[in-house]
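Notes follow once the structure below has been shown.
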Amino acid sequence: MPLKISVRSVLPSREAGDIIVVGTPLLGGRAKKNQRTTLDGFDRALGGALGRLIKKDAFKGKKDQQLSLSTLGRVKADRLIVVGLGDVEKLGPADVRTFAAKAARAANADKAKRLVLGIPESLGGRLREIVEGLELGAYRFTKYMTGDRKPKAELGQVVICIVGNPPKDTKEQVEIGQIVGAGVNLARDLSNEPPNILYPDTLAEASKEAAKDANIKVQVFDYKEIQKRGMKLLQAVGQGSEHKPAMVHFSYVPANPRRRIAFVGKGITFDSGGLSIKPAAGMGEMKHDMSGAANVVGFMNIIGKLKPDVEVHGILAAAENMPDGNSYRPGDVWGSLDGKSVEIINTDAEGRLILADALAYARALEPDLLVDNATLTGACVVALGNSCSGWYANNEATAEDFAAAAKASGEQMWRLPLLEDLKDQLKSDSADLKHTGDRWGGSISAALFLREFIGNVPNWVHCDIAGPAMGDRIRGWDPKGGTGHGVLTFLALVDRVSRAAAAAAPPAPPAAPSVVKAAAPAPKAAAPAAKAAPVAKAAAPAAKAAPAAKAAPAAKAAPAAKKAAAKGKSAAAPKPAQPAGTKGGTKRSTADGPRTAKTAGAGVDDGARQPQGRAKAAGGRKRR
């Protein structure tokens, strides 16, 4: 359940709650005359105890310093926690979100139902990040706990006390922060569900519920439809399980979209390794192997509620990789939706296979930007650890935009290279491609394999989230278990593309001089090009990273618009094809994907790699 969050302009020492957490900048700095601080009123009420503790522990308000003391009923809460913020001007999105998440966790640990959070006026403009941190920090997956294991109390109400005047957009920041927090927590819930509960069909049902909640369109393709459409790689991976594979397509199409973006997620609801079975150690973690798909569900739920002015599609391929007499085998050769044939080397490298069909489906939508995310390789975890994901891009402009989005979100992501000299590892003697290569550089060869299926899509990003998708311990605002890592970056990317498209849009033509007194004013319909979407409005941190004059990579990839401009016609972006069931499509809808394997087979990039990156050093957390 979402928290009940209110914002007040009051000293936290005067507010009632079960626990009070206050953030304080560096102590002893310059302050304006009569300027109030978050600590005002506490020392007097506590009989000087706070001042003595500050002196004893040499508390200076440095970042991450912390004090905790019992109030003995002298203020309107049982416990007071003081957290150092350091130099507030230097706090990034991750710092602010983490501060709020720690406050929420402290409240849950203290069995508090009502939290008072005191913040300085300088953080008033960052309420969205604070609210996100509260929602993400309060998260706990306790659905299946009973008796003594079930928490006796949980945080339900937060009062944010700003020492100063709240910003004018307080209500909007709080609302957006809660929408984002709920979407990330939805992704976490799906990732944490046990595999006997969550399998392809139930993941598809959860997708329908998320789409209904956000009022967006969704299509679900069952096993028969997957076979009919020629998604042979998805069929191969899932046919050995009693729970057959499924594919889900979310569509959010605003009235006049400026750009079209597609996000793809890997949904292996449980990965036993298939006939190339995994060792027992760590296999239980493989319920999280659908975290990429979970991200797509949570992300699209947020998109439907924030309603940006770009068209967004979310596609997930779901399957269960199990050993069976009907399982696919090493040595098999399978076709694909793209049309290429693939030789199977290791059935535990299944993730790239289902992604290949999902990418071929997504490219038929003709997106300006295509992003996929997957818990793909243990090699990426070996390279970057458990808290950072790796990502790849097929051009520098796209890489620049994605890097800026990751920085704005505060999520740890590191760009890795698409090394062309690893491409030969994917050559097969019996098919167009092998799907795995050597052990070394396994994450890179996996990305190169996926690149073979994006066709002519001009801008593509692949995110290998194998490490941070599942937390082995609490980090920042991420809990132990499913984290929803990646969703915040994808939202920042949508915001960035939206603002870049708005900046690149032609200005509204001036109104013709009026001779007749009653002539109508210039129509307002031309104005929306300058209006920012709700996502852009609320993502203040990202604004610094995105110069208004710079177009997103998608803007460079609109040949139709350039042609029209050359002919002296309108320079506005052409109206995209609408998904199935929507109105106003100017050409046959591509939302249903290619009808046959050949339909989507044009213009394939000639660099394909095989991702064999499942190093034993990854401690059993091997993903393919």
Side-chain angles (χ1 to χ4, degrees), residues 5 7 9 12 20-32 35-40 54 59-67 81-107 115-138 158 160-167 169-170 172-174 176-178 180-181 184 387-388 403-413 468 474-478 485 488-489 491-492 495-496 537-546:
I5 298 177
V7 180
S9 177
I20 299 176
V21 178
V22 296
T24 179
L26 288 169
L27 301 180
R30 285 187 177 184
K32 297 178 183 178
Q35 183 179 20
R36 299 186 301 173
T37 73
T38 53
L39 297 181
D40 284 358
I54 287 175
F59 182 86
K60 302 294 184 183
K62 294 178 182 178
K63 186 170 170 289
D64 295 330
Q65 275 191 306
Q66 185 170 308
L67 296 175
I81 297 176
V82 182
V83 179
L85 297 173
D87 188 343
V88 174
E89 293 182 358
K90 294 182 180 179
L91 295 179
D95 300 317
V96 177
R97 206 177 285 121
T98 298
F99 157 67
K102 286 181 176 179
R105 285 198 196 103
L115 163 67
V116 175
L117 181 65
I119 63 172
E121 187 173 14
S122 51
L123 283 184
R126 306 182 72 173
L127 282 175
R128 172 184 169 178
E129 293 164 26
I130 290 172
V131 172
E132 287 174 359
L134 288 169
E135 291 287 357
L136 299 177
V158 180
I160 301 174
C161 298
I162 298 181
V163 183
N165 296 318
D169 62 346
T170 291
E172 183 181 16
Q173 285 200 53
V174 171
I176 292 174
Q178 292 203 275
V180 172
V184 176
S387 62
C388 182
K407 183 177 181 180
S409 75
E411 292 181 317
Q412 288 195 84
M413 294 190 170
I474 292 173
R475 289 186 178 90
W477 61 86
D478 285 340
H485 173 89
L488 297 174
T489 296
L491 288 171
D495 167 64
R496 188 172 173 83
K537 221 174 185 182
K544 295 181 181 178

Heavy-atom nearest pair, Leu117 first then Ala103, reads CD1-CB, 3.8 Å
When you measure from the side chain of Ser9 to the backbone N and O of Pro166, does any donor-acceptor pair fall under 3.5 Å? no
Atom CD of Gln173 and atom CZ of Arg126: how far apart are they, to the nearest 0.5 Å? 10.5 Å
Considering residues at least two apart in sequence or located in another chain, which fulfil the side chain to side chain donor-acceptor pair (under 3.5 Å) criterion with Gln178? Glu135
Output for pair (Ile176 CD1, Glu132 CD), nearest 0.5 Å, gives 9.5 Å
Quick one: pull up CD in Gln412 and CZ in Arg475 and give me the separation to the nearest 0.5 Å. 9.0 Å
So, taking the atom named OG1 in Thr37 and the one named CG in Leu27, what distance separates them when rounded to the nearest 0.5 Å? 8.0 Å
The single option from Val82, Leu115, Ile81, Val116 that satisfies side-chain contact (heavy atoms from CB on, under 4.5 Å) with Ile20 is Val116
Which pair of non-hydrogen atoms, one from Val131 and one from Val174, has the smallest distance, and what is that distance? CG1-O, 3.7 Å
Do Asp169 and Leu127 come close enough that some side-chain heavy atom pair is under 4.5 Å? no
Where is the tightest heavy-atom contact between Ala100 and Ile130, given as atom of each residue plus distance? CB-O, 3.2 Å
Could you tell me the separation between the OG1 atom of Thr98 and the NZ atom of Lys63, rounded to the nearest 0.5 Å? 7.5 Å
Is there a donor-acceptor pair closer than 3.5 Å between any side-chain N or O of Arg97 and the backbone N or O of Leu136? no
Identify the residue among Ile162, Val163, Thr38 that makes a side-chain contact (heavy atoms from CB on, under 4.5 Å) with Pro120. Thr38
For the pair Lys102 and Asp64, find out whether any cationic side-chain nitrogen is under 4.0 Å from an anionic carboxylate oxygen. yes
Expected output: side-chain Glu411 to main-chain Thr489 donor-acceptor under 3.5 Å: yes
Nearest heavy-atom contact between Pro93 and Glu129 is CA-OE1, 3.5 Å
Rounded to the nearest 0.5 Å, what's the gap from CD on Gln65 to OG1 on Thr24? Could you check? 10.5 Å
Given the rule in the side chain to side chain contact (heavy atoms under 4.5 Å, CB included) test, do Ile119 and Phe99 qualify, once you have shown the distances and angles that lead to the verdict? CA-CA 10 Å; Ile119 63 172; Phe99 157 67; 3.9 Å; yes
Ignoring hydrogens, what is the shortest heavy-atom contact between Ala492 and Ala405? Give both atom names and the distance. CB-O, 3.5 Å
Under 3.5 Å donor-acceptor, Ser409 side chain and Ala406 backbone: yes
Minimal non-hydrogen separation, Asp95 against Lys90, with atom names: OD2-O, 4.1 Å
Any non-hydrogen side-chain atom of His485 less than 4.5 Å from a side-chain atom of Met413? yes
